[in-house]
Engineer: 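One structure follows; several queries about it will come next.
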Amino acid sequence: GNSVTQMEGPVTLSEEAFLTINCTYTATGYPSLFWYVQYPGEGLQLLLKATKADDKGSNKGFEATYRKETTSFHLEKGSVQVSDSAVYFCALSDRSYIPTFGRGTSLIVHP
Amino acid sequence: NAGVTQTPKFQVLKTGQSMTLQCAQDMNHNSMYWYRQDPGMGLRLIYYSASEGTTDKGEVPNGYNVSRLNKREFSLRLESAAPSQTSVYFCASSESTGGPYEQYFGPGTRLTVT
């Protein structure tokens with residue numbers, strides 16, 4: 001079956017630091033890949049997505065590139081802000097109706 | 001558009017009580033889902049409905065029932081609540097044709113069972 005593995009948190013950074021959250025996946029075929037963000041007390045919301053190999057998704061300064069050769073979709077941001085503190089979920093979706101989520105990585109950004 | 005709405009936002013139940021969590025979406029999506037979120041466990045799928053008139057079990061269906069009332073609404077029922085069902089419950093919806101199947105989540109219901 002499909003699976004998504006992401007780095008455990010929490011990830012603690014100072015403001016303006018570089019962020020990487022690793023995500024690797026196992027799937028048959030060519031799934032679409034997603035990053036969702038969950039702010040405290042809220043539901044998940046889509047941050048970015050990529051639908052095929054070598055696609056780069058980007059939004060709000062975050063980026064992730066669909067790497068089929070390494071089955072990875074790492075999330076990066078060049079300069080984090082306190083307002084980026086949240087939980088980040090990597091996910092994949094194939095032709096089934098059921099997406100597969102990673103367990104989430106908590107990011108804490110200090111001023 | 002309101003997106004995905006859930007009621008109630010908070011609920012406290014005693015063991016053995018029953019309740020229904022309501023979910024509605026206004027995006028004309030075919031598929032709807034119920035998840036629970038517990039610390040360290042990520043999201044776990046309880047039930048889903050691929051289209052109006054169909055429902056299927058997810059990873060953790062025991063103790064729950066669902067009803068897909070129409071295309072917009074998908075409710076989750078706890079017949080006899082247990083402390084192990086203390087959790088945050090999220091409803092989500094997605095399109096099911098054409099892909100990619102990104103999900104849209106509601107704000108959640110925070111349930112405590114004492």
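From a predicted model like this one, the values you see are computed outputs, not experimental measurements. Here is how names work: the chains are called A, B, and so on, in the same order as the sequence lines, proteins then strands, and each is numbered from 1.
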Engineer: Does atom CD of A:Glu16 have more than 12 heavy-atom neighbours from other groups under 6.0 Å away?
Structural biologist: no
Engineer: What do you reckon, is NZ of A:Lys68 surrounded by more than 12 foreign heavy atoms closer than 6.0 Å?
Structural biologist: yes
Engineer: Of the non-hydrogen atoms in A:Gln38 and B:Phe90, which two are nearest, and what is the gap between them?
Structural biologist: NE2-CZ, 3.3 Å
Engineer: Measuring from atom OH of B:Tyr104 to atom CG of A:Leu46, what distance do you get when rounded to the nearest 0.5 angstrom?
Structural biologist: 7.0 Å
Engineer: Would B:Val60 and A:Ile98 show up in the same hydrophobic cluster when neighbours are defined by side-chain heavy atoms closer than 4.5 Å?
Structural biologist: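 As far as the 4.5 Å side-chain criterion goes, A:Ile98 and B:Val60 are not connected within one cluster.
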Engineer: Measuring from A:Thr100:OG1 to B:Leu45:CG, what's the distance to the nearest 0.5 Å?
Structural biologist: 10.0 Å
Engineer: Would the number of heavy atoms belonging to other residues, nucleotides or ligands and lying under 6.0 Å from OH of A:Tyr39 be above 12?
Structural biologist: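 Above 12, so yes.
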Engineer: Need one label for B:Arg44: side chain, backbone, both or neither, based on atoms under 4.5 Å from any heavy atom in chain A.
Structural biologist: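 For B:Arg44, neither part sits under 4.5 Å from chain A.
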Engineer: Evaluate side chain to side chain contact (heavy atoms under 4.5 Å, CB included) for A:Tyr36 paired with B:Glu102, printing each intermediate quantity in order.
Structural biologist: CA-CA 10 Å; A:Tyr36 291 84; B:Glu102 61 195 79; 3.9 Å; yes
Engineer: Indicate, with yes or no, if A:Tyr66 and A:Val4 share a hydrophobic cluster defined by side-chain heavy-atom contacts under 4.5 Å among Ile, Leu, Val, Met, Phe, Trp and Tyr.
Structural biologist: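 Both belong to a single hydrophobic cluster.
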Engineer: For the residue pair B:Gln37 and A:Phe89, what are the closest heavy atoms and their distance?
Structural biologist: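 That would be NE2-CZ, 3.4 Å.
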Engineer: Testing the basics here: between A:Phe101 and B:Tyr35, what is the closest heavy-atom pair and its distance to 0.1 Å?
Structural biologist: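 The pair with the smallest heavy-atom distance is CE1-OH, 3.5 Å.
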Engineer: Can A:Val37 be reached from A:Phe34 by stepping across I, L, V, M, F, W or Y side chains whose heavy atoms are under 4.5 Å apart?
Structural biologist: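 In one cluster: no.
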Engineer: Only pairs of heavy atoms separated by less than 4.5 Å count here; which of B:Ala50, B:Ser31, B:Cys91 has the most with chain A?
Structural biologist: B:Ala50
Engineer: Please answer: with hydrophobic residues joined when any side-chain heavy atoms are less than 4.5 Å apart, are B:Val88 and B:Ile46 in the same cluster?
Structural biologist: no
Engineer: Sort B:Tyr48 into side chain, backbone, both or neither according to what part of it lies under 4.5 angstrom from a heavy atom of chain A.
Structural biologist: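 When you check distances to chain A, only side chain atoms of B:Tyr48 fall under 4.5 Å.
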Engineer: Can you list the steps and then say if B:Leu43 with A:Leu44 is a side chain to side chain contact (heavy atoms under 4.5 Å, CB included)?
Structural biologist: CA-CA 10 Å; B:Leu43 288 174; A:Leu44 282 69; 3.7 Å; yes
Engineer: Using non-hydrogen atoms and a 4.5 Å limit, figure out which bit of A:Glu8 sits close to chain B: side chain, backbone, both or neither.
Structural biologist: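 When you check distances to chain B, no heavy atom of A:Glu8 falls under 4.5 Å.
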Engineer: Do you reckon A:Val80 sits in the same ILVMFWY cluster as A:Val87, going by side-chain contacts under 4.5 Å, direct or chained?
Structural biologist: no
Engineer: Considering only heavy atoms and a distance below 4.5 Å, find which of A:Gly41, A:Gly104, A:Gly102 pairs most often with chain B.
Structural biologist: A:Gly41
